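What follows is a short report on a single structure.
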Amino acid sequence: MTIGFFCYKIEKMPAYNFKKIEGKWQKIWAKNKYKIWAAFDFSNKPQAKKLKSYVLDMFPYPSGEGLHVGHVEGYTASDITSRFLRMNGYNVLHPMGWDAFGLPAENYAIKTKTHPSKVVARNVKRFKQQLKSLGFSYDWQREINTTDPDYYKWTQWIFIQLFKKGLAYEAELPVNWCVSCKTVLANEEVVDGACDRCQSRVERRNLKQWVLKITAYADRLLEDLDRLDWPERVKEMQRNWIGRSEGRLISFPVDNSQYAIEVFTTKPDTIDGTTYVVLAPEHPAIPYLKAKIKNWQEVAGYIADTENKSERDRIAEAREKTGVELKGVKAVNPYNNEKISVWISDYVLIHYGTGAIMAVPRHDERDKEFATKFNLPIKDVPFVPKEKWIGEKKINYKLRDWIFSRQRYWGEPIPIIKCVKCGNIPVPEEDLPIELPKIKKYEPTGKAESPLAAIKKWVNVKCPQCKGPAKRETNTMPQWAGSNWYHLAYLLGSQKSKGKSQNYWNKKILDHWLPVDIYVGGVEHAVLHLLYARFWHKFLYDIGVVSDKEPFTKLVNQGLILGPDGQKMSKSRGNVVNPDDMVKSFGADSLRLYEMFMGPLEDPKPWDPRGIIGLHRFLNKVWNLIIDRNQMKDSRQSKIPLNLDRLIHQTIKKVTEDIQNFRFNTAISALMILVNEMEKASQLPIAKRQLLIKLLSPFAPHIAQELWQKLGGKNLLDFEEWPKWDEKMIQEEEFDLIIQVNGKFRAALRVKKEISESEAKKLALNNETIKKWLIGKEIKKVIFVPNRLINLIV
RNA sequence: GCCGAGGUGGCGGAAUGGCAGACGCAGUGGACUCAAAAUCCACCGAUCGCAAGGUCAUGAGGGUUCGACUCCCUCCCUCGGCACCA
């Protein structure tokens with residue numbers, strides 16, 4: 001019974017078959033390895049001589065969960081931009097790849113006893129299929145994968161250059177150790193004293209580590225932020241993270257001793273108010289002064305307590321000040337020769353400044369708190385004038401060097417050979433890449449080495465220098481290593497990456513494409529990836545690989561898509577929206593359109609389960625409007641459409657400018673208005689239908705392409721020209737003159753443009769509504785804004 | 001505490017000195033249908049009024065202006081970041 005019924009339904013109002021259409025065009029686009037979206041490198045082909053635009057997405061970590069609606073948001077925005085630029089005659093580079101080293105794949109491998117490379121391959125396949133199902137116009141010929149030995153060969157090569165310049169060094173340091181991941185973490189990976197990835201406890205351990213000297217670039221990383229077209233909050237986060245402050249180093253001699261305690265202060269003018277000195281418990285002066293300290297037991301106890309506290313514990317204890325006086329030790333204030341007491345306290349941090357402070361309770365809240373608790377003097381003395389300031393000028397940074405070793409399996413091996421005689425020797429370039437050996441046990445050892453240490457055959461090598469017995473470094477690089485330079489890899493990947501570096505780093509190609517013109521991604525990378533990548537890029541600039549000081553000219557952050565409950569999407573909350581389900585129910589075009597229509601791109605916004613229906617309806621409307629006008633007319637004849645030609649030109653302008661400014665929500669709304677007006681028109685010439693299709697095509701490429709073909713279009717829309725508007729056509733001959741009395745809207749009149757003040761006034765005074773408002777009143781003043789309003793003040 | 005972004009209908013949001021609420025969702029009434037779905041038409045901030053129309057309304061209070069969601073000051077709240085950084 002239902003079948004015949006169903007057929008009738010279809011015949012009467014054919015809904016557009018998105019499943020069939022999307023599959024059809026995805027197949028056509030895939031021809032010749034997605035040749036239609038290939039970017040042209042430097043060549044004699046005319047395509048390569050066009051203006052270039054490098055539109056980059058933050059490449060995904062191919063997790064087991066598959067693509068998230070948040071990915072779809074950013075990737076749709078960059079896809080619209082890329083398609084728009086192609087239609088505007090640009091040679092567009094829009095690539096995609098996989099950031100595939102790291103813990104999730106390894107943890108999964110441990111659990112299921114599958115090699116991480118297999119897990120990665122499977123996830124990549126799924127991600128790729130999902131991205132293709134959304135119609136993103138990537139240049140798939142340039143696909144990269146950070147776990148590919150041909151790729152990480154060059155990650156290792158860059159590390160060796162850093163080592164050769166003294167910017168990669170080994171040091172024993174107190175480091176953040178995640179007890180669950182069993183590895184060292186970078187400072188940037190520790191959030192609120194816990195592991196950013198697994199929220200487990202982070203301990204402090206002293207371990208020998210590879211460290212990258214990012215601090216050598218602190219000033220340049222800070223200064224060059226000013227030239228970037230990035231969201232202000234991201235720049236501000238980087239500025240805070242770098243944390244530059246100018247001050248002075250001042251020495252406080254220890255009374256009756258050769259030793260002096262050096263402090264860093266940003267307020268040298270307060271030195272006269274210094275009433276005591278505080279050292280961090282880890283300060284190197286303490287063992288040196290041990291003989292003088294009368295209460296050593298107490299001091300040693302406090303130091304031990306501090307050592308046992310994790311970062312999180314120290315934060316959890318809030319600001320309750322603790323500390324111990326070093327009895328028997330006095331420091332001399334070099335400004336006024338006063339003898340003052342010396343304390344240790346964990347409110348002074350060993351890794352900032354000199355690990356010691358001059359305490360000025362009169363001008364510093366923390367010092368005041370401490371002084372109040374321990375009954376120390378709070379002197380009230382005048383500021384020292386600038387000409388009397390003492391100490392050496394010094395600039396300090398919060399930024400610390402980047403701890404670069406991880407004690408885990410699934411990462412790039414650090415290409416260093418440790419020789420007892422020669423020390424750390426870099427692997428010779430011709431031996432790169434140092435491939436990760438396949439092993440059976442990936443479990444972290446819990447020690448300062450990775451599981452690779454157990455593979456004797458791999459570890460034991462000859463020293464490249466003295467040919468004596470030596471061992472490989474067994475630590476691997478952190479997740480961020482591969483993503484530090486992937487924006488270059490897309491340019492070079494088509495070159496054969498085997499072979500010598502001078503053949504790989506093709507300057508002509510790098511110079512042609514760099515810098516990245518538009519970079520789209522989440523704000524969560526503000527101080528991790530985006531800082532690290534800038535650091536490496538600047539280093540590559542210094543050694544002559546690239547010609548630009550900054551990698552990413554413009555950065556756009558897409559806002560977080562929240563669950564329908566307004567909360568962050570998470571499996572445990574059960575509020576996750578799966579893009580695959582949306583594609584299945586409404587099609588890729590509807591999903592793309594909805595995510596762009598939800599609100600401003602950069603804003604966080606909740607998912608409305610009904611919202612996507614509206615956009616699906618809109619596409620159906622477009623379909624029916626263009627395919628079959630006759631079925632749409634009848635009941636609407638009475639409506640008088642606006643001047644369609646004018647609206648078309650206005651819409652071209654609006655959509656063009658909105659795409660350029662990443663305001664996709666209002667662009668789509670303008671398209672809806674146009675479609676609503678076109679529906680009212682009694683006829684719609686092919687040319688106008690084609691124009692609508694073109695404007696829609698970057699947003700909803702599948703339906704646009706199908707309709708284009710149905711109207712006889714032979715080309716792919718990618719090779720069509722973006723419509724231009726005519727400024728003259730936009731101008732209206734008439735406008736609504738607003739008539740106000742005392743600044744309040746009272747009436748509006750349709751009048752000719754360029755109407756004069758006196759004419760306008762006459763019209764206003766003759767208006768019946770206005771007359772009522774003027775009864776018994778005298779006009780004191782008239783304000784006339786040409787082509788807009790007239791305001792009568794009574 | 002400091003820094004940044006915000007606060008507009010039932011909801012997402014538009015408007016950046018000139019008719020507040022575009023566009024969409026939800027809702028109400030109607031057409032079509034045996035019926036439902038789909039589609040189409042009309043309405044859709046609050047309030048007074050039979051109506052014409054009026055009044056109020058963009059977190060709160062003040063100010064500038066002929067005119068303020070928009071600019072300035074004070075305060076409140078929300079979100080994000082940083083946080084014992086000397």
Side-chain angles (χ1 to χ4, degrees), chain A residues 5 9-10 12-13 15 191-192 231-237 239-241 243-245 247 263-267 270 278 314-315 317-321 345-349 351-360 363-367 369-370 396-400 523 526-527 559-560 564 566 594 597-600 602-615 617-618 620-621 624 631-632 634-636 638-639 663 665-673 676 679 736 738-748 769 772 780-785 788-794:
Chain A
F5 216 39
K9 203 166 80 184
I10 294 292
K12 176 124 197 227
M13 183 48 71
V191 174
D192 291 335
E232 195 48 44
R233 78 184 149 151
V234 175
K235 291 207 241 183
E236 204 50 34
M237 279 164 81
R239 284 189 197 110
N240 290 341
W241 192 264
R244 178 190 151 108
S245 54
V263 305
F264 173 74
T265 179
T266 53
K267 294 179 206 125
T270 63
V278 191
R314 275 174 80 165
I315 291 163
E317 280 169 25
R319 306 263 144 80
E320 182 60 29
K321 296 281 182 290
S345 171
D346 65 4
Y347 88 91
V348 175
L349 307 173
H351 46 65
Y352 187 75
T354 62
I357 61 154
M358 56 179 227
V360 188
H363 296 294
D364 186 288
E365 277 304 310
R366 296 153 299 175
D367 296 345
E369 227 181 279
F370 190 83
N396 244 315
Y397 299 93
K398 280 196 229 174
L399 184 70
R400 285 180 259 163
V523 73
V527 286
L560 206 60
Y594 172 58
F597 187 68
M598 288 172 83
E602 327 78 58
D603 286 8
K605 40 207 172 271
W607 183 274
D608 176 0
R610 305 278 316 171
I612 190 168
I613 294 170
L615 283 300
R617 275 183 203 145
F618 169 66
N620 259 316
K621 223 187 243 188
N624 291 324
Q631 286 195 6
M632 301 295 295
D634 35 25
S635 61
R636 257 150 298 156
S638 55
K639 278 236 163 181
R663 291 201 302 245
N665 53 333
T666 48
I668 293 168
S669 136
L671 288 170
M672 288 173 167
I673 292 168
N676 289 343
E679 275 195 324
D736 289 315
I738 294 160
I739 306 171
Q740 296 181 339
V741 178
N742 282 344
K744 287 213 166 179
F745 170 82
R746 294 303 175 196
T769 320
K772 274 195 291 182
K780 284 189 190 147
K781 198 175 165 188
V782 176
I783 287 155
F784 179 71
V785 183
R788 190 152 261 171
L789 64 83
I790 183 159
N791 187 4
L792 310 171
I793 315 299
V794 296

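Labels below follow one simple rule: chain letters A, B, ... track the order of the sequence lines, proteins then strands, and each chain is numbered from 1. Since the model is a prediction, treat every value here as computed from it, not as a measurement.
Judged by Watson-Crick or G-U wobble contacts below 3.5 Å, the nucleotide B:rU33 has no partner. When Watson-Crick and G-U wobble pairs are counted only if both distances are under 3.5 Å, B:rC11 pairs with B:rG24. B:rU78: Watson-Crick or G-U partner is B:rA5, with both key distances under 3.5 Å.
No engagement by A:R244 is indicated, since no non-hydrogen atom pair under 4.0 Å with the nucleic acid exists. Within the 4.0 angstrom heavy-atom criterion, only backbone atoms of the sugar-phosphate kind lie near A:S245; the bases stay farther away. Base engagement by A:I357 is indicated by at least one non-hydrogen atom pair under 4.0 Å involving a base atom. Within 4.0 Å (heavy atoms only), A:N396 reaches no atom of the nucleic acid at all.
Geometric assessment of A:K321 against the ring of A:F370 yields a negative cation-pi assignment under the 6.0 Å and 45° thresholds.
In this structure, A:F618 atom CZ and B:rG24 atom C1' are separated by 11 Å, rounded to whole Å. In this structure, A:D367 places its CG atom 12 Å from P of B:rA86, rounding to the nearest Å. Atoms CZ (A:R233) and P (B:rG6) sit 10 Å apart, rounded to a whole Å. For the pair A:D608 CG and B:rC23 C1', the interatomic distance rounds to 14 Å; values are reported in whole Å. Atom NZ in A:K621 sits roughly 9 Å away from atom P in B:rU39 (whole-Å rounding). Look at CE on A:M237: it is 10 Å from P on B:rA83, rounded to the nearest Å. One can place OH of A:Y397 at 17 Å from C1' of B:rA86, the figure rounded to the nearest angstrom. Taking atom CG of A:L615 as the reference point, atom P of B:rC25 lies 8 Å away to the nearest angstrom.
B:rC11 and B:rG21 are spaced 13 Å apart, taking the C1' atom of each and rounding to whole Å. The separation of B:rU64 from B:rC23, taken at their P atoms, amounts to 37 Å, rounded to a whole angstrom.
Closest approach to the A:F745 side chain among B:rA86, B:rC40, B:rC19 is made by B:rC19 (side chain taken as heavy atoms from C-beta onward). The listed nucleotides are B:rA86, B:rC66, B:rC23; the one nearest the side chain of A:Y352 is B:rA86. You'll find that the side chain of A:D346 is closest to B:rC84, out of B:rA26, B:rG24, B:rC84.
If you find the closest nucleotide of RNA chain B to A:K781 and to A:K398, the one lying nearer the 5' end belongs to A:K781.
Interatomic distance, A:K267 NZ to A:H363 NE2, rounded to the nearest 0.5 Å: 9.0 Å. Note that CD1 of A:I783 is 8.5 Å distant from CG of A:L789, once rounded to the nearest 0.5 Å. The structure places CD of A:Q740 at 8.0 Å from CD1 of A:I793, a figure rounded to the nearest 0.5 Å. Atoms CZ and CG, from A:F784 and A:L792 in turn, are 11.5 Å apart once rounded to the nearest 0.5 Å.
Side chain of A:N665 to backbone of A:M598: no donor-acceptor contact under 3.5 angstrom is found.
For A:R617, a side-chain nitrogen or oxygen approaches OP1 or OP2 of B:rU39 to under 4.0 Å.
A donor and an acceptor atom, one from each side chain of A:N676 and A:K621, are located under 3.5 Å apart.
Annotated as anti: B:rG63, whose O4'-C1'-N torsion sits more than 90° from 0.
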Please produce a list of atom pairs where a protein N or O lies less than 3.5 Å from an N or O of nucleotides 13-18 of chain B.
unit_1 : atom_1 : unit_2 : atom_2 : d
B:rA14 : OP1    : A:N665 : ND2    : 2.9
B:rG18 : N2     : A:Q740 : OE1    : 2.8

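Ring centers of A:Y594 and A:W607: under 6.0 Å apart, within the cut-off.
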